[in-house]
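One structure below.
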Amino acid sequence: MRTVRIAAALGLAGILALGAPLCAMAGTEKPESMDQETWERLQDNVLEYDELEDLVELYNPMYRQMVSNIDLSLKPIEDAAAGLRGAADDMMADARGMKDVNDILSKAYRSAAKGYREGAKNFDKILRSAQSGTRNILGSTRKQMTAGVQQLMLGYYQALASKELIDTGAELAQAAWESTVTQRNLGMATDTDVESAQKAFQSAGSRQQTLDDQLTGLKQQLLYMTGWSYDAQSDVGAPPVPDLSRIEAMDFEADLNRAIGNNYTLIEQRSVSGKSTASHTAKFRTLEESEAKLKIQLESLYQAVLEGKMTYEAAQTALESARITMNGTETKYQMGMVGRLEYLQLKTAYLQQKMAADQAALSLVQDMETYYWAVEGLADIS
């Protein structure tokens, strides 16, 4: 199961390999540069998305180990990337299996797989950076680790976005099975109908259990990666909401200049020295090619943000319409004008729209983070 893969990759293997304490937060003092309010938020029992960068720098056991010994083994990170890629493959298989059954859920699985693959790419970059031995190793590692943990948390939220729909689907399947049993007793349904309804109910329960296991595993890895023990009784805060004002404030040309200055591959290429004219020529040709690659990549990421914004806004509009319909359904159900089975069917349709809207919001956040991390130097142009 994908949960087991991620658990082994991101948390438990790391504990065994690094010998890290179960709670990295213990005994850590407040950095002088951090204000008291921020420090107190980090110490509460709620893991918030906007705290990830500070939590990684202060408590991530693998990053802290790198600070004290930059030559440490990075096998847990390699396992993490493999685990996330395996989880992405599993999620894509689920998406293909659900395509003809529930297209919205299929798209949600594909979106989650995208998040896992992005997380794997960021962990892969850590390995390459550690092996390069450049003076920027700690800075780039901290950014890459933060980006990877962000993608992991977004993957958790993407899975969580489907929970209410999956739970309601199980409730609907149970109600349909019970209704079919009643109809059979009245001579209005056959034993075959009952058997079919029972199988659908059992299948819905299996999907419910799979999702719950996945959420448990992802939460354990998030806690470990941010300084808690994997079995800590801590809460995960609300999902991030896309800040559309940041998109409006984007200046592609200025961001491109920053990305060129920050990119770790370009920094390494600039540091290459050569005495001959041919060496200088080759160096500047390489830099020009790399900068051209970076521009193409950043343009693609920028367009992904704009397209994600359109999808998000359309999904929000559709959700608002579905919410109005659902409010009317709730009223009719409370008044006894709609039966339980019909109510659950209508609620399922509404929750599909809600999940689509939640997924669109998380995908937009994901696209924005990928763009901004590219500006901060993490675009892979090797």
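Just so you know, residue 1 is the first one in the sequence shown, and it goes up from there.
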Task: For the student: nearest non-hydrogen atoms of Lys163 and Asp212, plus distance - done: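 Lys163 and Asp212 have their closest heavy atoms at NZ-OD1, 2.9 Å.
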With a 3.5 Å cut-off and no angle check, do the side chains of [X] and [Y] form a donor-acceptor pair?
{"X": "Glu369", "Y": "Tyr49", "answer": "yes"}
{"X": "Gln209", "Y": "Asp213", "answer": "yes"}
{"X": "Gln220", "Y": "Asp231", "answer": "no"}

Polar side-chain atom of [X] near backbone of [Y] as donor-acceptor pair, under 3.5 Å:
{"X": "Ser321", "Y": "Thr317", "value": "no"}
{"X": "Ser196", "Y": "Thr192", "value": "no"}
{"X": "Thr168", "Y": "Leu165", "value": "no"}
{"X": "Gln151", "Y": "Ala147", "value": "no"}
{"X": "Lys143", "Y": "Glu376", "value": "yes"}

Open item on the list: Does Met34 have more than 12 heavy atoms from other residues, nucleotides or ligands lying within 6.0 Å of its CE?
Closed with: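 Enclosed: over 12 neighbouring heavy atoms sit under 6.0 Å from CE of Met34.
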- [ ] Answer yes or no for Arg246 and Tyr372: cation-pi contact, defined as NZ/CZ to six-membered ring centre under 6.0 Å and angle to ring axis within 45°.
- [x] yes
Open item on the list: Using the rule side chain to side chain contact (heavy atoms under 4.5 Å, CB included), only one of Leu266, Asn263, Ile260 pairs with Ser290; which is it?
Closed with: Leu266
